[in-house]
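Have a look at the structure below, then the notes.
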There are 2 protein chains.
Amino acid sequence: MAERPSVPSPPRLVDVARAAGVSLATASRAMTGSTGVSAEVAAHVQAVASRIGYVPNSHARALAGGQVSMVGLIVHDVGDPYFGEIARGVLHETELRGYLALISQTQRDPRAELARIRALRAHRVRLLVMAGSGYVRAASQGSTGADADMAAEVRSFTAAGGRLAVIGRHHLPVDAVLPDNAAGGATLMRHLIGLGHRRLGVLGGPPNLTTVEDRLAGLRTAFGAAGLDWRSVPVVHGDFTREGGAAATARLMRAHPDLTAVVALNDPMAVGALSWLLNGGRRVPGEISVTGFDDAPVARDVYPALTTIRLPMAGMGKQALDLVLRPPAGRPRRRRTSHELVVRASTAAPRA
Amino acid sequence: MAERPSVPSPPRLVDVARAAGVSLATASRAMTGSTGVSAEVAAHVQAVASRIGYVPNSHARALAGGQVSMVGLIVHDVGDPYFGEIARGVLHETELRGYLALISQTQRDPRAELARIRALRAHRVRLLVMAGSGYVRAASQGSTGADADMAAEVRSFTAAGGRLAVIGRHHLPVDAVLPDNAAGGATLMRHLIGLGHRRLGVLGGPPNLTTVEDRLAGLRTAFGAAGLDWRSVPVVHGDFTREGGAAATARLMRAHPDLTAVVALNDPMAVGALSWLLNGGRRVPGEISVTGFDDAPVARDVYPALTTIRLPMAGMGKQALDLVLRPPAGRPRRRRTSHELVVRASTAAPRA
DNA sequence: CTGAAAGCGCTTACAG
DNA sequence: CTGAAAGCGCTTACAG
């Protein structure tokens with residue numbers, strides 16, 4: 001209809017080829033940097049392309065069998081400092097290598113996770129990093145419905161040539177970067193026991209997360225190893241957020257007013273605990289010690305500065321991307337991270 | 001060669017059409033929800049599609065003229081709380097509407113910004129949100145090279161039908177969400193003047209950012225309106241980070257040891273200032289007051305809790321996405337945000 | 001309402 | 001090293 005389209009369409013590879021006086025095939029080879037073109041011709045084509053402002057159509061490329069230059073990243077919540085740091089690490093690597101990152105949030109909803117993976121597959125993303133805890137299996141049987149669905153989805157993704165690495169999630173037959181949750185929990189508990197604490201309470205995140213389970217296991221092991229009875233330690237669960245931490249602290253302290261230490265299973269919860277305790281006039285660490293987990297950037301600037309376990313979050317993101325870029329191994333790879341106890345001002349010996 | 005490909009290829013729309021006993025065209029209409037199919041046929045096709053696990057190939061769709069279901073988001077740094085909150089807002093909206101988000105970091109490098117936009121255009125992204133300050137024009141001429149390049153890129157993007165909204169950036173002929181930087185700066189300054197401060201210093205971010213310029217302008221206006229001489233106020237520049245804030249504070253305090261208030265132009269810098277001052281044994285706010293800007297999540301949990309200007313960051317992300325989803329107006333739209341002074345513990349009257 | 005056919009912009013065997 | 005041609009998996013006029 002319209003002789004002159006109102007929206008000028010961008011130049012295509014044919015336009016480049018014509019302008020450079022070569023065939024489409026040659027132009028394609030020159031632009032993708034593949035072999036089979038003389039260096040001079042390639043250089044000439046590239047010069048022409050940049051002169052006329054040619055930008056390859058990635059959809060046509062992907063459809064024709066070229067590589068998809070996008071990697072997928074699934075996190076629970078980009079605003080959370082833990083995932084923010086991981087995302088920063090992944091993005092940094094991603095961009096170095098000329099990929100673009102497709103990011104999704106799932107807010108810890110297993111069904112949203114499945115939906116996101118499917119959406120990513122619709123975009124033929126072959127490289128995928130999933131950060132965030134997995135879910136504890138139902139006690140009664142092998143696996144919950146959500147678990148089984150996820151495992152099936154993952155199997156079908158990798159069977160179709162997809163590469164997936166998870167961060168902080170086991171139970172999935174793929175490459176994994178595993179933060180040192182259990183060992184970190186144990187280190188933290190030894191620190192508190194060494195200080196003299198015996199009556200302590202735990203602020204757990206959602207009880208169905210394996211991360212919570214693992215950190216608890218570490219605490220329990222070290223507590224038992226000191227000859228103490230873990231059954232004396234109250235654990236209350238709440239959201240892995242500042243608000244969740246404050247609410248859980250309220251419940252914990254009302255039921256057990258005599259605790260000398262509160263162990264939060266991530267930093268935002270610990271910040272919530274500090275806020276609740278300080279507002280209530282409790283002195284930290286004078287009357288009660290508080291610890292976190294992760295060493296998010298906020299940990300060193302809160303009052304009092306938080307004793308916590310440092311995990312190399314941005315590095316974990318980078319590692320996951322490295323795994324995904326590598327061809328699959330015979331069996332899933334596991335990269336265990338280090339952890340480091342960071343002692344700051346929020347812990348001290350209990351008062352006699 | 002291989003009779004049985006080792007990687008099973010996913011079902012295509014033809015497979016769905018065949019299994020449902022309809023033509024390709026009908027299957028396509030049923031799957032995209034377009035008109036021209038009877039409701040029964042559409043339902044049947046959809047049922048078949050889901051039974052055989054069909055996932056549409058988004059590249060083929062995009063190439064054939066369907067919609068690209070991705071939106072681009074460009075930020076300076078996802079790990080920074082300001083951009084983390086904005087990203088959270090954009091992603092939330094994005095996912096509600098069934099889009100996927102392509103996120104890029106530019107680390108405040110104008111050339112990286114250009115490269116990212118081009119990469120996004122290669123993916124035929126039509127919807128784009130760019131968050132982060134623009135750059136101050138060179139004093140000598142109309143615009144710097146980077147500025148001109150960006151304006152040209154943006155014009156060409158929108159001319160080709162692309163929709164772009166910026167957050168916190170003027171000087172670009174597109175829809176914009178503009179945080180209340182100047183007014184916020186003025187509010188903050190009035191707060192400090194009201195408290196009795198006269199000798200204050202400013203911790204500016206990179207001097208080439210319009211955000212810095214605008215916040216400074218607000219401070220200056222309110223200072224002048226109180227009959228005070230702005231030339232008496234030292235301004236030192238540094239990175240918009242905790243480290244940048246600490247370093248700038250060191251320079252500021254060495255040159256002007258008698259200041260009674262330090263005004264940081266974003267929260268991370270203020271946190272750095274607190275850290276430097278407290279480490280040096282200064283009492284905040286007893287000896288010296290400190291203020292931030294943005295009200296990032298960290299602001300209320302640092303010691304002492306930060307007096308700052310609250311900007312609705314997640315809401316700004318949502319608004320930008322709304323703008324981009326709307327057809328373009330005759331002239332660029334401007335959405336000015338509100339701001340709110342949040343008085344916490346880091347400010348007090350100066351000592352007599 | 002339904003179908004046959006063209007075409008979106010590339011890449012990659014296949015020939016030369 | 002270079003080119004002509006097929007094909008990737010869809011959508012959308014164009015006919016019926």
Side-chain angles (χ1 to χ4, degrees), chain A residues 1-2 5 7-46 49 52-69 121-126 160-161, chain B residues 1-2 5 7-46 49 52-69 121-126 160-161:
Chain A
M1 280 270 129
V7 170
S9 51
R12 296 151 305 161
L13 188 55
V14 247
D15 302 320
V16 174
R18 244 189 305 261
V22 299
S23 74
L24 225 203
T26 296
S28 173
R29 294 190 186 101
M31 293 311 294
T32 56
S34 51
T35 70
V37 227
S38 67
E40 300 81 56
V41 173
H44 175 230
V45 170
Q46 285 163 12
I52 70 180
Y54 170 68
V55 177
N57 182 322
S58 72
H59 298 296
R61 273 197 167 164
L63 191 58
Q67 288 300 307
V68 172
S69 55
R121 293 186 69 179
H123 287 81
R124 294 306 182 264
V125 166
R126 245 180 40 79
Chain B
M1 279 272 128
V7 170
S9 52
R12 296 151 304 160
L13 189 54
V14 248
D15 302 320
V16 174
R18 235 178 326 247
V22 299
S23 72
L24 225 204
T26 296
S28 172
R29 293 187 189 105
M31 295 308 295
T32 56
S34 53
T35 70
V37 227
S38 67
E40 299 82 57
V41 174
H44 176 229
V45 170
Q46 285 162 13
I52 69 180
Y54 170 68
V55 177
N57 182 320
S58 72
H59 298 297
R61 273 197 167 163
L63 190 58
Q67 288 301 305
V68 172
S69 54
R121 293 186 69 177
H123 287 80
R124 294 307 183 263
V125 165
R126 243 180 39 80

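Below, read A as the first sequence line, B as the second, and so on, with proteins coming before strands; counting in each chain starts at 1.
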query: CZ/B/R18 to CG/B/L13 distance, rounded to the nearest 0.5 angstrom?
result: 10.5 Å
- prompt: In whole angstroms, how far is the P atom of C/dA13 from the CZ atom of A/R29?
  reply: 10 Å
message: Rounding to an integer number of Å, can you tell me how far B/R126 CZ sits from C/dC8 C1'?
response: 17 Å
Under 4.0 angstrom between A/S34 side-chain N/O and C/dT12 OP1 or OP2: no
- prompt: For the pair made of CZ in B/R61 and C1' in D/dG9, what is the distance, rounded to whole Å?
  reply: 11 Å
field: Shortest non-hydrogen contact from A/M31 toward A/Y54
entry: CE-CD2, 4.0 Å
- prompt: Hey, what do you get for NE2 (B/H44) to OG (B/S38), rounding to the nearest 0.5 Å?
  reply: 11.0 Å
task: Report the distance from atom CZ of B/R124 to atom C1' of C/dC8, rounded to the nearest whole Å.
output: 11 Å
Candidates C/dG3, D/dC10, D/dT2 - which lies nearest the side chain of B/V22: C/dG3
query: Nearest to the side chain of A/V37 - D/dT12, C/dG9, D/dT2?
result: D/dT2
- request: To the nearest Å, give me how far apart CG (B/N57) and P (C/dG9) are.
  value: 16 Å
- request: Could you check whether the rings of B/H123 and A/H59 sit parallel, tilted or perpendicular, using 30° and 60° as the cut-offs?
  value: perpendicular
- prompt: Between A/P10 and B/R124, which heavy-atom pair has the shortest distance, and what is it?
  reply: CG-NH2, 4.1 Å
statement: Out of C/dT2, C/dC10, D/dT12, minimum distance to the side chain of A/R12 belongs to C/dC10
- line: Whichever of A/A64 and B/A27 has the more 5' nearest nucleotide on DNA chain D, that residue is A/A64
- prompt: Hey, does the side chain of A/T26 come within less than 4.0 Å of D/dT2's phosphate (OP1/OP2), counting only N and O?
  reply: no
message: If the cut-off is 4.0 Å, is B/S23 near the phosphate of C/dA4, judged by side-chain N/O to OP1 or OP2?
response: no
Between C/dC8 (C1') and A/H59 (NE2): distance, integer Å: 11 Å
- request: Grab the CE-P distance between B/M31 and D/dT12 for me, whole Å please.
  value: 14 Å
- line: Contacts of B/G65 and B/S38 projected onto DNA chain C by closest heavy atom; the upstream (5') one is B/S38
Partner nucleotide, any strand, of C/dA15 [Watson-Crick/G-U, under 3.5 Å]: D/dT2
task: Look at B/S28 and D/dT11 and indicate whether a side-chain polar atom (N or O) is within less than 4.0 Å of OP1 or OP2.
output: yes
query: With sugar-phosphate meaning primed atoms plus P, OP1 and OP2, does B/S58 contact a base, only sugar-phosphate, or nothing at under 4.0 Å between heavy atoms?
result: nothing
task: Return the value, rounded to whole Å, for the distance between atom CG of A/L24 and atom P of D/dC1.
output: 19 Å
